[in-house]
Amino acid sequence: MVTVLEPEYPSNFYFAHNVQPFLWVRGGLLAEDYRSVAVIGDSDYTIAQACEAARALVEAGLTVVAALRSDVDAAIHTAALRAGGRTIAVLAGGITMPIGPVEHANVAEKIARSGAVVSQFWPDAIPTSKTIELSRVVTSGLADSVYVVDGHDGGPSHLQAEIALDHSKHVFVPHKLHQEQQWVSRIGFRGGITAVQDIDDLTKQVVNVVDMTPRMTAL
């Protein structure tokens, strides 16, 4: 368990108004994880794009943050690990509870060896619709910025983007998503959302944002 009063607590979370008092961690959190980007995707149709983004981000020296609930999430982590990168997985249940299906559990084990598996819930907490909702706060809190690959109005990606903006985190989206989904413009009317042309454009802009963000090492 890492509390908000300890130096190991992730500094990106200090920017959130709903900072969690403690996190349970398998693996380890590093100070360098402040250079991190959450990759968010809803649909199996965009797995390839999400994986390409994860690979490019870790090759740029960034840590990838993602949930570990869906096949898209597992694919994001796997792509980053295969590229030699570091990932942080956010759980919607306790860290001692089984992670299913088996493929996801295997991914979690690999992540814990070189990155971190994180939960804000007690170790034996069972995932529910409410804990899934609450876990999005941690996904955003751990990351410096967020890349939303896809998502429909009112869907999980939309909700994650709103939490990120509420945390004053910068949100990146593909230009196509910005054109096709009205919710992107609706929640980003005050700024904070950038549409990128491709993965190269994403990587360039993310690195600029991450390296310009002021750092906090203590509350």
Side-chain angles (χ1 to χ4, degrees), residues 36-58 62-82 85 87-93 99-101 103-105 107-108 111 117-120 127-167 169-189 192-199 201-203 205-206:
S36 60
V37 181
V39 180
I40 311 300
D42 282 353
S43 173
D44 290 346
Y45 294 109
T46 56
I47 281 183
Q49 183 179 352
C51 290
E52 184 184 359
R55 286 191 294 268
L57 291 168
V58 298
L62 302 168
T63 298
V64 166
V65 179
L68 188 52
R69 295 189 299 273
S70 69
D71 289 344
V72 177
D73 297 331
I76 289 168
H77 289 293
T78 299
L81 291 170
R82 287 178 176 172
T87 74
I88 299 175
V90 179
L91 302 182
I99 301 173
E103 293 81 2
H104 294 184
V107 172
I111 294 169
V117 179
V118 178
S119 171
Q120 78 255 54
T128 66
S129 58
K130 183 62 175 179
T131 63
I132 290 174
E133 178 184 344
L134 292 172
S135 68
R136 295 190 181 107
V137 172
V138 173
T139 301
S140 169
L142 292 173
D144 179 273
S145 54
V146 176
Y147 177 52
V148 178
V149 182
D150 60 22
H152 60 275
D153 200 341
S157 293
H158 174 183
L159 298 176
Q160 185 68 73
E162 286 196 332
I163 291 172
L165 291 176
D166 190 43
H167 285 172
K169 305 297 179 73
H170 203 92
V171 176
F172 296 89
V173 299
H175 186 67
K176 181 179 180 181
L177 183 66
H178 186 267
Q179 288 184 315
E180 295 180 353
Q181 294 291 333
Q182 294 184 356
W183 66 262
V184 177
S185 297
R186 189 170 70 246
I187 71 171
F189 75 99
I193 294 182
T194 297
V196 295
Q197 297 296 326
D198 52 31
I199 299 300
D201 187 26
L202 168 69
T203 304
Q205 297 212 43
V206 164

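Given the structure is predicted, the values throughout are model-derived calculations rather than measurements.
By the 30° and 60° cut-offs, the orientation of the rings of H170 relative to F172 is tilted.
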Which pairs of donor and acceptor atoms, one on a side chain in residues 66-78, lie under 3.5 Å apart (sequence neighbours left out)?
{"from": "R69", "atom 1": "NH1", "to": "S135", "atom 2": "OG", "distance (Å)": "3.3"}
{"from": "S70", "atom 1": "OG", "to": "V72", "atom 2": "N", "distance (Å)": "3.3"}
{"from": "S70", "atom 1": "OG", "to": "D73", "atom 2": "N", "distance (Å)": "3.1"}
{"from": "S70", "atom 1": "OG", "to": "D73", "atom 2": "OD2", "distance (Å)": "3.2"}
{"from": "D71", "atom 1": "OD1", "to": "H104", "atom 2": "NE2", "distance (Å)": "3.0"}
{"from": "D73", "atom 1": "OD2", "to": "R69", "atom 2": "N", "distance (Å)": "3.0"}
{"from": "D73", "atom 1": "OD2", "to": "S70", "atom 2": "N", "distance (Å)": "3.1"}
{"from": "H77", "atom 1": "ND1", "to": "T87", "atom 2": "OG1", "distance (Å)": "3.2"}
{"from": "H77", "atom 1": "NE2", "to": "A66", "atom 2": "O", "distance (Å)": "3.2"}
{"from": "H77", "atom 1": "NE2", "to": "A67", "atom 2": "O", "distance (Å)": "3.0"}
{"from": "T78", "atom 1": "OG1", "to": "A74", "atom 2": "O", "distance (Å)": "2.8"}

Donor-acceptor pairs under 3.5 Å, side chain of residues 47-55 to any protein atom, not counting sequence neighbours: which ones?
{"from": "Q49", "atom 1": "NE2", "to": "Y147", "atom 2": "OH", "distance (Å)": "3.1"}

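Every side-chain hydrogen bond (donor to acceptor under 3.5 Å, both in side chains) that D201 has, sequence neighbours left out, goes to Q205.
In this structure, Q120 CD and T139 OG1 are separated by 8.5 Å, a value rounded to the nearest 0.5 Å. For the atom pair R186 CZ and Q181 CD, the distance stands at 9.5 Å (nearest 0.5 Å). Taken to the nearest 0.5 Å, the CD1 atom of I199 stands 7.5 Å off from the CG atom of L57. Rounding to the nearest 0.5 Å places CD1 of I88 at 5.5 Å from OG1 of T63. Between atom CZ of residue F189 and atom CG of residue L165 there is a gap of 10.5 Å, rounded to the nearest 0.5 Å. How far NE2 of H178 is from OG1 of T194: 9.0 Å, rounded to the nearest 0.5 Å.
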Quick one, H167 with V137, criterion side-chain contact (heavy atoms from CB on, under 4.5 Å). Give me CA distance, side-chain angles, the key distance, then yes/no. CA-CA 9 Å; H167 285 172; V137 172; 3.9 Å; yes
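With contacts defined as side-chain heavy-atom distances shorter than 4.5 Å, the pair D144/L62 does not qualify. Side-chain contact check for D42 versus H158: every heavy-atom pair is 4.5 Å or farther apart. Between S43 and H152 the shortest side-chain heavy-atom distance does not fall below 4.5 Å. Looking at Y45 and D150, their side chains never come closer than 4.5 Å, going by heavy atoms from C-beta outward.
Minimum interatomic distance between P156 and R136 (heavy atoms only, all atoms of both residues): CB-NH2, 3.6 Å. Across all non-hydrogen atoms, the minimal contact from V171 to A161 is CG2-O, 4.0 Å. Contact record, K169 with S140: NZ-O, 2.8 Å, taken as the closest heavy-atom pair.
Distance alone, capped at 3.5 Å, places no donor-acceptor pair between the W183 side chain and the G155 backbone. Between the side chain of T131 and the backbone N or O of T128 there is at least one donor-acceptor pair closer than 3.5 Å.
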